[in-house]
Amino acid sequence: MEQYVIKGGNPLAGEVEIGGAKNAALGIVAAAIMADETVMIENLPDVQDINVLLQAVECIGAIVNRVDAHTVKINGSHIGNLCVDNEYIKKIRGSYYLVGALLGKYKHAEVALPGGCNIGSRPIDQHIKGFEALGATVDIEYGLFIAEAQNLKGSHIFLDMASVGATINIMLASVLAEGRTIIENAAREPHVVDVANFLNSMGANIKGAGTDVIRIKGVSSLHKTEYSIIPDQIEAGTFMFAAAATKGDIMIKNVIPKHLEAAVAKLIEMGCEVEEFDDAMRVVASRRLKQTHLKTLTYPGFPTDMQPQISTTLALSKGTSIVTESIFENRFKYVDELVRMGAKITVEGNTAIIEGVDKLTGARVNALDLRAGASLVIAGLAAEGITVVEDIIYIQRGYERFDEKLRSLGGQIEKVSTEKEIQKFKLMVG
Ligand code: EPU
């Protein structure tokens, strides 16, 4: 099992380049198989979740040609198998986009039920409601999500909550359906817009992505395209909070500043200096930061995917902060790990009360999910002494070369897999 071993205490400083958005890429790779021509996707993040999804589409007959680490060509004209079921696909959340894509294109899909990070119960009722409204029948049997239809017909769908996954999945299923589909209370996240833009570049007719009403006019087929995925705003936010927590100075390059407004507002409230450029952002924390309160919300509110990172930063900031998690009920499990490092946090229901402490101290902690894992790495970089983060497989699902990027900013972090390597690191850092 790989681990990160970290010696904390160095303010992070320098420049870091952000990769393509993982959660957009999951929808886009699934959408790519809907064309019978070759689609080229650039700025693809080279992370575990995407690699698993690429393997899955290859297994059902799509031709996948990895041009380089961040570019892939996909041709979906030879798909012969509409059942996606292997031991890896169950582990990723984005696998459910293959239901929308295969149902939309072939009117039949069988996909192993999605896994993903253990951050709450994560129901899929809104996806099912959307597919059924389009005329499909949906069953869950033998661990498979099975959807089929004679014909898909556009429909008017009201989502009970603005679900990212359901919005993208319904878009995928409806782009080739007959007539018009309207999705009300649609998710407005940047990755929803990116998937819609990608589908439109293949000839789909989707309007309103980025607002809460998306209108889709069915077309008869999709064609080839070349498309570059937007930068990952959560990776960018993670480095912004890493700068804040370590009292550092980081220039974060290849970002869309508009997507980071909620995080920037909080960093400024906490006392950071944030400088915005066309496609970069500089975050400087020259003094001890102060408390703030926040509630996670759908876009453009403060994202749940940055909640562990800001909470870790607040654990070291002056005063008492209150953080309310309104999207996923289980997203405070990492708090126990932070407490082991000296944080003073109590969780009551979906609220964390964070009493800022002067310092954290290194400990052996577990990355319980992707973002929690990243936040423990931030904690380790800010803490006194040595931290070992176990189960980094979760972090690798969504962060590309995380340790390498942090090292380039002066972070003392190494990927190790044995106790001997940990001892060697300790001797090296003194
Ligand atoms: N929900 C339902 N029924 C549904 C769908 C969602 O009740 O049918 C609920 C969920 O339980 C949750 C809320 O609605 O309480 C929002 O869930 P959403 O569907 O928006 O989340 P998701 O599609 O499962 C994606 C990202 C998550 C990110 C959320 C929120 C992917 C693969 N995952 O999940 O990303 O936290 O949107 O923005 O795109 C991550 O990257 O670390 C991550 C967990």
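The residues of the chain are indexed from 1 along the displayed sequence. Just so you know, ligand 1 is whichever comes first in the structure, and atom 1 is the first atom listed for that ligand.
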Using a 4.0 Å heavy-atom threshold (strictly under), name the region of Q126 that reaches ligand 1: side chain, backbone, both or neither.
-> both
Could you tell me which atoms of ligand 1, counted from 1 in the order shown, lie closer than 4.0 angstrom to a heavy atom of R331?
-> 36 (O), 42 (O), 44 (C)
Partner of D46 under salt bridge (Lys or Arg N to Asp or Glu O under 4.0 Å), chosen from R401, R66, R397 = R66
Using a strict cut-off of 4.0 Å, indicate which atoms of ligand 1 neighbour a heavy atom of K22.
-> 40 (C), 41 (O)
State whether the side chain of E337 and the backbone N or O of N366 hold a donor-acceptor pair below 3.5 Å, judged by distance alone.
-> yes
Apply ring pair (Phe, Tyr, Trp, His ring centres under 6.0 Å) to H259 and list each qualifying residue two or more places apart in sequence or on a separate chain.
-> none
Is a side-chain donor-acceptor pair under 3.5 Å present for S77 with D36?
-> no
Is it true that D279 and K253 make a salt bridge, defined as a side-chain N closer than 4.0 Å to a carboxylate O?
-> no
Using a strict cut-off of 4.0 Å, indicate which atoms of ligand 1 neighbour a heavy atom of H127.
-> 8 (O)
Can you check whether I327 has an N/O within less than 3.5 Å of an N/O in ligand 1?
-> yes
Of the side chain and backbone of Y96, name the one, both, or neither that has a heavy atom under 4.0 Å from an atom of ligand 1.
-> side chain
Sequence neighbours left out, what passes ring pair (Phe, Tyr, Trp, His ring centres under 6.0 Å) with Y96? Give chain and number order.
-> H127
Examine the proximity of ligand 1 to D305 and report which part, side chain or backbone, both or neither, has a heavy atom under 4.0 Å away.
-> side chain
Q307 side chain vs R331 backbone, donor-acceptor pair below 3.5 Å = yes
Would you say P123 has any N or O atom under 3.5 Å from an N or O of ligand 1, going by distance alone?
-> yes
Under 4.0 Å from any heavy atom of G165, which atoms of ligand 1 are there?
-> 19 (O), 23 (O)
Sub-3.5 Å N/O-N/O distance, V164 and ligand 1 | yes
Give a yes or no on whether the backbone of L12 and the side-chain of T246 come within a donor-acceptor separation of less than 3.5 Å.
-> yes
Which atoms from ligand 1 have a heavy atom of T304 less than 4.0 Å away?
-> 30 (C), 36 (O)
Below 4.0 angstrom from a heavy atom of L26, which ligand 1 atoms are there? Numbered from 1 as shown, please.
-> 32 (C)
